[in-house]
Amino acid sequence: MPRWVIVLLSVAGALVVLLPVGGIVAYIYAVGENHKDLRFPSDDVTVARCGLDPVSKRPVAELSVTSQAARRGTYTVTVEFQDERERSVGRATGVVEDLAVGATGRARAVGGEAYERGEPVCVVYDADFASTEPVATATP
């Protein structure tokens, strides 16, 4: 077999393998670049205090929200109350309305049932953000 045929087959085989691999690498790079500055609303939320209401014995989470969003908006935070084995014993929601960019707001989430097994653990289960600023529309 002539040498040029061997070289041609080798180059063709290499392209068959390397082109799909290169495409996958380029896709992964592009996805990473598009999402490198992505923020989640839960990044703005911390549990400032977790304990029991002295009267009702229901779990209570004091939430602190410092807005790093690009616009003014409302945060809706779901807190999961867990026992010492990290099992869920309930959930509650706290809302911080119309929080300005860079401002800090507080909310309180109170569980629905009394908790009788020591102190609960409070975990941010979910956080949603909805802008309260009107969206500018182009007029023709």
Side-chain angles (χ1 to χ4, degrees):
M1 188 178 301
R3 178 173 268 159
W4 67 271
V5 173
I6 295 172
V7 170
L8 183 65
L9 289 174
S10 298
V11 169
L15 288 175
V16 166
V17 172
L18 293 178
L19 280 178
V21 170
I24 292 170
V25 168
Y27 174 78
I28 291 171
Y29 175 77
V31 167
E33 283 296 307
N34 287 339
H35 294 95
K36 70 180 177 183
D37 295 326
L38 185 65
R39 288 190 44 77
F40 296 97
S42 59
D43 295 340
D44 298 345
V45 180
T46 58
V47 176
R49 189 182 81 74
C50 182
L52 293 175
D53 181 80
V55 176
S56 68
K57 301 295 184 205
R58 295 188 307 179
V60 177
E62 301 280 342
L63 305 171
S64 177
V65 180
T66 302
S67 178
Q68 299 299 319
R71 308 179 295 283
R72 172 182 291 273
T74 297
Y75 285 83
T76 303
V77 182
T78 302
V79 176
E80 182 172 74
F81 301 107
Q82 299 176 346
D83 63 13
E84 63 280 347
R85 293 185 180 157
E86 297 183 1
R87 291 183 301 206
S88 178
V89 294
R91 291 189 186 142
T93 302
V95 177
V96 177
E97 294 184 0
D98 203 28
L99 191 61
V101 176
T104 299
R106 296 185 80 73
R108 190 177 159 144
V110 180
E113 296 180 16
Y115 184 76
E116 304 291 339
R117 297 166 280 190
E119 290 289 318
V121 176
C122 301
V123 177
V124 175
Y125 181 78
D126 188 31
D128 290 320
F129 175 81
S131 176
T132 56
E133 290 184 0
V135 177
T137 57
T139 55

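When all heavy atoms are compared, the tightest approach of Tyr115 to Val89 is CE1-CG2, 3.7 Å. Nearest heavy atoms, Arg117 versus Glu84: O-OE1, 3.8 Å. Residues Leu52 and Gly118 share a closest heavy-atom pair of CD1-O, 3.4 Å. Contact between Lys57 and Pro54 at its shortest, heavy atoms only, is NZ-O, 3.4 Å. Nearest heavy-atom pair, Glu80 versus Ser88, reported as atom, atom and distance to 0.1 Å: OE2-OG, 3.2 Å. Considering every non-hydrogen atom in both Ala127 and Val45, the closest pair reads CB-CG2, 4.2 Å.
For residues 52-108, the set of pairs meeting the disulfide bond (SG atoms under 2.5 Å apart) definition, not counting sequence neighbours, is empty. Judged as a ring pair (Phe, Tyr, Trp, His ring centres under 6.0 Å), not a single pair has a partner in residues 88-109 (not counting sequence neighbours). Residues in residues 55-92 take part in these ring pair (Phe, Tyr, Trp, His ring centres under 6.0 Å) pairs, two or more places apart or across chains: Tyr75-Phe129. Under the disulfide bond (SG atoms under 2.5 Å apart) criterion, the residue pairs touching residues 44-100 are Cys50-Cys122, with sequence neighbours excluded. For residues 56-85, there are no disulfide bond (SG atoms under 2.5 Å apart) pairs, not counting sequence neighbours. Evaluation of the disulfide bond (SG atoms under 2.5 Å apart) test over residues 73-112, restricted to residues two or more places apart or in two chains, returns none.
By the criterion of side-chain heavy atoms lying less than 4.5 angstrom apart, applied directly or through intervening Ile, Leu, Val, Met, Phe, Trp or Tyr residues, Trp4 is grouped together with Leu9 in one hydrophobic cluster. There is a path of hydrophobic side-chain contacts, each under 4.5 Å, that joins Leu8 to Ile6. Under the 4.5 Å side-chain heavy-atom criterion for ILVMFWY residues, a single connected hydrophobic cluster contains both Val7 and Leu15.
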Step by step, would you call Glu97 with Thr132 a side-chain contact (heavy atoms from CB on, under 4.5 Å)?
CA-CA 9 Å; Glu97 294 184 0; Thr132 56; over 6 Å; no

Under the side-chain contact (heavy atoms from CB on, under 4.5 Å) rule, what do Arg49 and Val60 come out as? Steps first, then yes or no, please.
CA-CA 8 Å; Arg49 189 182 81 74; Val60 177; 4.3 Å; yes

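In this structure, CG on Asp98 lies 4.5 Å from CZ on Arg72, to the nearest 0.5 angstrom.
With sequence neighbours excluded, the residues that form a side chain to side chain contact (heavy atoms under 4.5 Å, CB included) with Val55 are Asp53. Partners of Tyr125 under the side-chain hydrogen bond (donor to acceptor under 3.5 Å, both in side chains) rule, at least two apart in sequence or in another chain, are Arg91. Residues passing the side chain to side chain contact (heavy atoms under 4.5 Å, CB included) test with Ala130: none are found, sequence neighbours excluded. Residues passing the side-chain hydrogen bond (donor to acceptor under 3.5 Å, both in side chains) test with Ser64, sequence neighbours excluded: none.
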N/O donor-acceptor pairs under 3.5 Å from side chains in residues 103-113, not counting sequence neighbours:
unit_1	atom_1	unit_2	atom_2	d
Thr104	OG1	Thr66	OG1	3.0

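Using a 4.5 Å cut-off on side-chain heavy atoms (C-beta onward), Val77 and Val95 make no contact. Between Leu63 and Val79 the shortest side-chain heavy-atom distance falls below 4.5 Å.
Neither side chain, Asp44 nor Ser67, offers a donor N or O lying under 3.5 Å from an acceptor on the other.
In this structure a side-chain-to-backbone donor-acceptor pair under 3.5 Å is missing from Thr76 to Asp128.
Taking a 4.5 Å side-chain heavy-atom cut-off between Ile, Leu, Val, Met, Phe, Trp and Tyr, the cluster of Val121 extends to Val123.
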